[in-house]
Amino acid sequence: MCRHVGYLGPPIPLSTVLFDASHSLLRQSWAPKDMRRGGTINADGFGVAWYPPGGEAPVRYRSDRPLWTDADLPGLARATTAGAFVAAVRSATVGMPVTGTAAAPFTDGRFLFSHNGLVAGWPDSAVPLAARLPTRDLLTLDALTDSALLWALVRHRLREGAEPAKAVLDTVVDVTAAAPGSRLNLLLCDGGTLVATTLGHALSVRAGTGAVLVASEPLDDDPAWQPVPDARLVVATPSTVDTYELGLP
Ligand code: GLN
């Protein structure tokens, strides 16, 4: 069920994570190791978004095709260096459209967002959640998928002034109440902090030497990778990683 990864630290080529690591996102697209509860490969699209130097808004590249079919991205990724980025490969949930705009990361201003999992009982369970959003947000969803709605819910809280960790946590609490059994591994980045949750799917963190990686699966066999237990909220910067219990009922 989708794989995602976020990086913060000294600038590195995007290819390090996308293609070069022994268990790179490319490898995780066709040979993931820890797909829990459904899905075998992640061939329904991919995306990567990074923060260019100079504090400009993130740049994004995404597609509805398998990552391994893009002949040009390896070169682009080798030539593109960033100190903060998020990338994902998608395995579409049954019944959801396969389109480039359904691939993470979703973006708004400085924010990047990804979701690994599903909203249980979609779409009926999500009706009360969607009803709380401004109509315009519903009319401009990236795609008619649970992940795009989750992003609209998180973004709405951010626009109302919530801190990133609080926006993510409150969204998980709301969605879990409306749609019990949902699998909600969320990942949010503002360029300086990564906020991630575990609820139903795998996640690991590698910290140290002034950089941090948060990924669905470790990108290599470095023993510094730490698995994150289920039902946790992770708040990571290049120098700090804090993990909290989600505290769901
Ligand atoms: N449900 C989401 C989608 O279809 C995410 C799928 C996943 O995590 N595999 O896009």
Side-chain angles (χ1 to χ4, degrees), residues 1-6 23 25-49 60-68 86-108 112-127 129-130 137-138 140-155 168 171-172 174-176 178-189 194-204 214-217 227-228 230-232 234 246:
M1 301 295 287
C2 301
R3 305 285 79 177
H4 55 209
V5 54
H23 195 56
L25 200 64
L26 172 67
R27 196 169 171 93
Q28 293 184 33
S29 70
W30 57 269
K33 292 181 179 163
D34 196 1
M35 298 279 276
R36 300 179 188 176
R37 291 181 267 185
T40 48
I41 60 169
N42 298 288
D44 298 320
F46 65 87
V48 55
R60 179 177 61 190
Y61 180 75
R62 59 183 176 167
S63 165
D64 61 353
R65 291 169 294 145
L67 179 54
W68 63 83
V86 168
V89 289
R90 178 173 182 235
S91 167
T93 297
V94 173
M96 299 203 184
V98 176
T99 158
T101 59
F106 303 99
T107 65
D108 186 56
L112 308 178
F113 176 81
S114 175
H115 164 231
N116 167 209
L118 59 81
V119 173
W122 175 268
D124 301 279
S125 61
V127 170
L129 300 168
D137 289 5
L138 297 174
T140 55
L141 282 181
D142 279 58
L144 287 177
T145 64
D146 53 358
S147 302
L149 180 71
L150 289 170
W151 168 229
L153 293 168
V154 171
R155 185 184 59 190
V168 167
T171 301
V172 169
D174 274 3
V175 175
T176 310
S182 293
R183 307 210 290 268
L184 301 173
N185 278 41
L186 309 186
L187 180 62
L188 179 70
C189 182
L194 284 163
V195 177
T197 57
T198 54
L199 196 61
H201 286 292
L203 191 76
S204 291
V214 176
S216 300
E217 299 186 7
V228 179
D230 201 43
R232 296 296 193 279
V234 178
L246 281 176

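Start at 1 and go down the list; that is how both ligands and their atoms are numbered. Source: prediction; values computed, not measured.
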Proximal ligand 1 atoms for G117, defined as those under 4.0 Å from one of its heavy atoms: 1 (N), 2 (C), 5 (C), 6 (C), 7 (C), 8 (O)
V154 and its side chain to side chain contact (heavy atoms under 4.5 Å, CB included) partner, picked from L149, T171, D108: T171
Ring geometry between F106 and F113 (parallel below 30°, tilted from 30 to 60°, perpendicular above 60°): tilted
Qualifying residue for side chain to side chain contact (heavy atoms under 4.5 Å, CB included) with T198, from V234, V228, L184, L186: V228
T145 heavy atom under 4.0 Å from ligand 1: no
Side chain, backbone, both or neither: the part of C2 lying under 4.0 Å from ligand 1 by heavy atom: both
Test of proximity, M96 against ligand 1: N or O pairs below 3.5 Å: no
Distance filter under 4.0 Å to T93 heavy atoms, resulting ligand 1 atoms: 1 (N), 2 (C), 3 (C), 4 (O), 6 (C)
Part of R90 with heavy atoms under 4.0 Å of ligand 1, whether side chain, backbone, both or neither: side chain
Those atoms of ligand 1 less than 4.0 Å from some heavy atom in A92: 4 (O)
Polar side-chain atom of R62 near backbone of A103 as donor-acceptor pair, under 3.5 Å: yes
Polar side-chain atom of D174 near backbone of L129 as donor-acceptor pair, under 3.5 Å: no
Side-chain (R155) to main-chain (L153) donor-acceptor, under 3.5 angstrom: no
Polar contact flag for S91 and ligand 1 (N/O pairs, less than 3.5 Å): yes
